[in-house]
Each structure stands twice: as C-alpha cells, then as structure tokens.
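What follows is a short report on a single structure.
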2 protein chains.
Amino acid sequence: MHSFTEENYLKAIYHLSEGNLMAVSTNQIAEMTNTKAASVTDMLKKLSEKKLINYIKYQGVTLSNSGLNAAVNIIRKHRLWEFFLVEKLGFKWDEVHDIAEELEHINSATLINRLDDFLGNPAVDPHGDPIPDRSGLIKHKKLVKVSEMKAGEQGTVSGVSEHSSVFLKLLEKLGLTLGSKIMITELIEFDGSIILTINQKTDRTISREVAKNILVML
Amino acid sequence: MHSFTEENYLKAIYHLSEGNLMAVSTNQIAEMTNTKAASVTDMLKKLSEKKLINYIKYQGVTLSNSGLNAAVNIIRKHRLWEFFLVEKLGFKWDEVHDIAEELEHINSATLINRLDDFLGNPAVDPHGDPIPDRSGLIKHKKLVKVSEMKAGEQGTVSGVSEHSSVFLKLLEKLGLTLGSKIMITELIEFDGSIILTINQKTDRTISREVAKNILVML
DNA sequence: TAATAATTTTAGATTAGCCTAAATAAAATA
DNA sequence: TATTTTATTTAGGCTAATCTAAAATTATTA
C-alpha cells in the first residue's frame with residue numbers, strides 16, 4: 001500500500017484537479033499540503049516512479065488511473081467516516097474533518113465496506129459531498145452556487161464548497177443546513193450580498209463570499 | 001502527543017510487564033515489536049528523556065506514571081474499537097486485532113469517549129479483556145487458566161491469553177467462546193490434556209497448551 | 001573465580017519526508 | 001525580443017526510526 005504521506009499527496013492532487021481537469025502545479029500542492037515546493041518535487045518524482053501520477057518536469061501533474069483510484073478510495077473512506085461520526089456518534093458537521101483526516105488512512109477494504117453497509121450505504125456525507133461507492137463511482141449532482149442564482153429562484157441547500165469549521169458554524173447560526181429550502185428574495189447591487197428566505201419562514205442576508213460557498217439543488 | 005512508534009513501544013512494555021511487574025528487557029521488547037535490540041535501545045533513550053519510562057542501562061525498563069497512563073489509553077482505544085468491529089460491523093473475534101492495531105492510534109479523546117458511550121460503555125472486549133474506563137481504571141477479574149482447574153470444577157469461559165487468529169479459530173471450532181460454561185470431566189495424566197463438557201452438552205478434549213490459554217471465571 | 005556465553009549498548013549507515021538556498025526554466029512585461 | 005519576475009527543480013542537510021557490526025556489560029558455568 002501507499003504511505004500515509006503519499007496518500008495525502010494523491011488526495012491533494014485529486015481535490016486540486018477536480019473540476020479543472022487541468023494539470024496541477026507544484027506550488028498548489030505545496031500550499032494544500034502545507035509543505036514547501038521543493039518537498040513536493042521530491043514526492044512527485046516518487047509518485048511518478050510508482051506510476052500514480054503523470055508528471056513532466058515544469059509541466060505540472062495529473063493523476064494516472066491507479067492514482068485516481070487510490071485517491072477516490074481515500075475520499076470514500078473520509079466521507080464514510082464523517083458520516084459515521086455525525087450520524088452515529090453525534091458530532092456536528094464542523095467537528096468531523098480532522099478526525100476523518102486520520103481515519104481515512106486506516107487500511108482495510110473489508111472494514112470500509114462493512115462500515116458502508118452499517119451506515120446504510122449513504123450517498124452523501126454530512127457536507128453534502130457525494131460518497132464514492134465501493135467500485136469508485138461517484139454520483140455528482142448538478143449543484144449551483146447561491147451566488148449564481150437569480151432573484152425569485154428557489155432551491156435546496158445540498159452542499160458546501162468550503163469545509164472550515166468557522167464557515168460551517170456560521171451556516172449553522174444562520175439556519176442554513178443541508179436540506180434547507182431557500183428562495184432568493186433580493187439581490188443587493190451595492191456589494192453583491194443576497195437576501196434569502198429559509199424554509200419560507202426566516203429572512204437572512206448573506207455576503208457574496210458566503211453565497212459562493214453554498215451549493216443548491218434547483 | 002506521542003508518535004505512532006512511541007505508542008507501540010509503550011504498549012509493548014505494558015503488555016510485557018503486566019503480571020510480572022518486573023523490569024522488561026531490551027530483547028523482550030525487540031521481539032514483541034519485531035525490531036532489533038539496537039533499535040530498542042535507541043527508543044528507550046528517547047522515551048526515557050520524555051519521562052515515559054524508567055530506564056537504567058543494562059537494567060531493563062518500567063513504565064513511569066505518565067507512560068503507564070499513555071499505554072492504558074492506547075489499550076482502551078484498541079479494545080473499544082475491537083468491540084465496535086465485532087458488535088457493530090459483524091467481524092469475528094479472530095479478525096479484529098490488526099485493524100484495531102491501526103485504529104488505536106487515532107488521536108481524539110472526544111472520539112473515543114463518544115464511541116464508548118455509543119457502544120454502551122462495555123466492560124470487556126470480544127476476547128474478554130477488560131476495557132479501561134475514561135479515567136484509566138481497569139477492572140481486572142480474577143480468572144483462572146483451564147490448565148489449573150481440577151477434575152469436577154466448573155466455570156465460565158471469560159478470556160483468552162493468546163490472541164492469534166489460529167488459536168481463536170480453533171476455540172470457535174471447539175465451541176469454546178466467551179460465556180461457554182465448562183466442566184472439567186477428566187484430566188489425562190499421560191500428556192496433561194483435558195476432557196471437558198461444554199454447556200452440559202458437548203464433550204471435547206483439549207491439549208494442555210490450549211488449556212493454558214483459556215481463562216475461566218469460577 | 002576465571003572463562004565463556006548471552007545481552008545490551010555504541011558507532012556508523014540507510015531511508016522517508018522534510019527543509020533552505022541556489023540554479024534553472026517558464027511566463028510576463030517592457 | 002530582451003529583461004524581469006515567478007515557478008520549479010536541484011543540491012545539500014536534518015530528523016526519526018531503523019539496521020548491521022563491533023564493543024561493553026552482565027550472567028552463567030566450568
């Protein structure tokens with residue numbers, strides 16, 4: 001198997017290339033893994049030799065098939081553990097990330113598949129992110145940023161693109177959790193902030209910055 | 001916190017000194033941790049500097065208070081995870097050791113205390129070993145080896161002192177699991193093997209070697 | 001108790017993952 | 001396009017945990 005550290009690099013590359021599909025740069029990886037560019041170069045050489053990535057000097061990096069496979073598997077584990085922590089152990093959605101970051105490296109296919117069954121094969125984790133199934137398949141839902149919605153539009157909060165505790169706690173305070181039905185009441189031209197109605201009851205104003213990180217199913 | 005490796009050394013010292021209360025030797029630790037004596041010496045110096053052990057060159061080693069504390073905590077985690085794997089995920093008692101060996105190093109007091117509550121604060125793990133409570137207290141039951149019982153004596157199988165999969169699978173096959181009521185039917189003088197009656201139904205013969213590793217509550 | 005055997009420690013190397021500083025390549029801009 | 005800036009890589013080192021081989025200590029036994 002791959003080392004703890006190798007797994008973290010693969011995960012970082014996966015997250016950075018999601019959406020873009022572009023090659024990921026050394027500096028991006030360094031930032032995400034809290035290391036220096038020189039250390040990243042070292043590791044890229046190693047991952048490249050193991051055929052987990054496609055790496056050309058100075059040209060950035062993409063995951064190979066086996067690298068992608070490994071990355072998705074780690075993400076599957078991370079999200080299943082997060083689900084477990086919230087649903088079974090009563091953690092809040094802003095408390096689980098760091099613990100799942102450790103649990104995701106536990107190495108046993110049997111364990112994770114049994115956990116999956118025990119949890120009822122959930123489709124999404126507590127932040128609305130899809131959980132890859134045991135074959136590595138991810139069911140991406142088409143989600144829209146609140147910041148891209150028009151006045152009058154409605155939708156259901158189904159995900160977030162920022163996972164920090166500060167942000168999640170804010171949403172909690174605003175009453176914006178997964179499943180909340182929202183309607184765009186007004187778009188403030190001045191600073192791009194948005195007034196929305198939650199569950200046809202409460203009115204709240206959120207900044208454009210916050211709106212960008214809330215994902216909605218229309 | 002302590003490194004993964006430091007934790008494994010502390011655990012090894014704990015297990016080796018349990019019962020004996022004697023100082024543990026470098027070679028014993030090397031054997032238990034699958035390393036060489038020279039590596040152990042290096043680590044003992046390190047643990048000693050951290051005041052986790054009492055170490056005098058050539059004289060063996062004992063755990064200090066803080067070392068004992070750390071060791072018991074790891075054992076608490078190991079046993080709670082084993083309980084989880086068997087009771088919630090349907091693993092068999094001979095399958096859980098290696099996975100728990102990884103899970104025991106996950107670092108979160110909140111996690112382990114919530115897991116404890118989720119599991120109903122179990123007193124013993126799937127092998128009958130006592131689970132330390134959150135303050136580190138261990139309720140040792142007075143258990144007797146089957147090899148020390150006399151003909152006619154009865155008891156309940158309550159633990160094992162050998163945790164290998166081979167051994168546990170054998171017990172399974174013999175119908176000797178935790179909670180089985182046994183009675184010593186006959187002691188065979190020739191080789192020390194023992195004939196016993198399980199749950200007042202089945203008669204089985206076990207070798208002295210097996211009998212030594214089954215623990216019974218009288 | 002002196003010699004031998006066994007155990008433990010020291011000395012010196014190795015590997016993974018990280019670092020800083022310097023060199024090189026690519027991108028941006030004048 | 002030449003120059004400057006930025007990004008990336010190389011070179012050389014560091015630390016934790018391991019190893020082998022040799023030296024030192026303790027234990028055993030003749």
Side-chain angles (χ1 to χ4, degrees), chain A residues 1-17 20 22-63 67 70-71 74 101-102 104-107, chain B residues 1-17 20 22-63 67 70-71 74 101-102 104-107:
Chain A
M1 260 306 107
H2 317 116
S3 76
F4 189 98
T5 312
E6 288 168 344
E7 290 193 346
N8 281 336
Y9 274 91
L10 292 173
K11 193 178 49 155
I13 296 167
Y14 178 87
H15 283 309
L16 288 166
S17 57
N20 312 344
M22 276 288 295
V24 169
S25 77
T26 302
N27 268 353
Q28 285 179 292
I29 299 169
E31 176 162 23
M32 179 149 292
T33 56
N34 286 309
T35 56
K36 299 295 153 124
S39 311
V40 173
T41 301
D42 282 351
M43 182 55 88
L44 293 184
K45 280 186 199 156
K46 192 177 162 197
L47 294 174
S48 184
E49 264 170 32
K50 289 193 171 193
K51 312 262 184 216
L52 291 164
I53 58 173
N54 310 114
Y55 172 54
I56 309 165
K57 258 194 199 180
Y58 293 107
Q59 307 292 298
V61 75
T62 57
L63 291 172
I74 298 158
E101 204 89 333
E102 293 192 50
E104 74 192 4
H105 299 288
I106 302 290
N107 204 332
Chain B
M1 259 307 106
H2 317 115
S3 76
F4 188 99
T5 311
E6 288 168 345
E7 291 193 346
N8 281 336
Y9 275 91
L10 292 173
K11 193 178 49 154
I13 297 167
Y14 178 87
H15 284 308
L16 288 167
S17 57
N20 311 343
M22 276 289 294
V24 169
S25 79
T26 302
N27 268 354
Q28 284 179 292
I29 298 170
E31 175 162 25
M32 179 149 293
T33 56
N34 287 307
T35 57
K36 300 295 154 125
S39 312
V40 173
T41 301
D42 282 350
M43 182 55 87
L44 293 185
K45 280 187 200 156
K46 193 177 163 197
L47 293 175
S48 184
E49 264 171 30
K50 290 192 170 192
K51 313 263 184 213
L52 292 163
I53 58 174
N54 310 114
Y55 170 54
I56 307 164
K57 257 196 201 180
Y58 293 105
Q59 307 291 299
V61 73
T62 57
L63 290 172
I74 298 158
E101 204 90 331
E102 294 192 50
E104 74 191 3
H105 300 287
I106 303 289
N107 204 332

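Each chain gets a letter, A, B and so on, in the order the sequences are listed, and its residues count up from 1.
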Please find the pair of heavy atoms, one from Ile13(A) and one from Val24(A), that lie closest to each other, and give the distance.
O-CG2, 4.0 Å
Which atom names give the shortest non-hydrogen contact between Asn107(A) and Glu102(B), and what distance separates them?
N-OE1, 3.1 Å
Mind checking the NE2-CD1 spacing from His2(B) to Ile74(B)? Nearest 0.5 Å is all I need.
8.5 Å
Side-chain N or O of Thr26(B) versus OP1/OP2 of dT9(C): is the shortest distance under 4.0 Å?
yes
Stepwise side-chain contact (heavy atoms from CB on, under 4.5 Å) check, Asn8(A) with Lys11(A):
CA-CA 5 Å; Asn8(A) 281 336; Lys11(A) 193 178 49 155; 3.6 Å; yes
Rounded to whole Å, CD1 of Ile56(A) lies from P of dA26(C) at a distance of 11 Å
Just list the side-chain donor-acceptor pairs under 3.5 Å for residues 35-45 of chain A, sequence neighbours left out, or say none.
unit_1   : atom_1 : unit_2   : atom_2 : d
Thr35(A) : OG1    : Thr33(A) : OG1    : 2.9
Thr41(A) : OG1    : Ala37(A) : O      : 3.2

Going 5' to 3' through nucleotides 19-29 of chain D and flagging B where a protein heavy-atom sits under 4.0 Å of the base, S where only the sugar-phosphate is that close, and - otherwise, we get BBB--BSS---
Within the pair Asn27(B) and dA6(C), is there a side-chain N or O less than 4.0 Å away from OP1 or OP2?
no
Phe4(B) CZ to dT15(D) P, straight-line distance once rounded to whole Å
23 Å
Gly60(A) versus Tyr55(A), closest heavy-atom pair with distance:
O-CD1, 3.9 Å
Report the residue (Gly60(B) or Tyr9(A)) whose heavy-atom-nearest nucleotide on DNA chain C is the more 5′ of the two.
Gly60(B)
Looking at dT8(C), I'd like to know if its phosphate oxygens (OP1 or OP2) sit under 4.0 Å from a side-chain N or O belonging to Ser25(B).
yes
I want to check one thing: is the phosphate of dT9(D), taken as OP1 and OP2, less than 4.0 Å away from some side-chain N or O of Tyr55(A)?
yes
Check the distance between dA7(D)'s C1' and Ile29(A)'s CD1 and give it to me in whole angstrom.
13 Å
Would you mind telling me which residue lines up with the more 5' stretch of DNA chain C, Thr41(B) or Glu6(A), judged by nearest nucleotide?
Thr41(B)
Please report, rounded to the nearest Å, how far the P atom of dT10(D) is from the CG atom of Leu44(A).
11 Å
For the pair made of CD in Glu49(A) and P in dA16(C), what is the distance, rounded to whole Å?
10 Å
Distance, nearest 0.5 Å, that separates CG of Leu16(B) from OG1 of Thr62(B):
13.0 Å
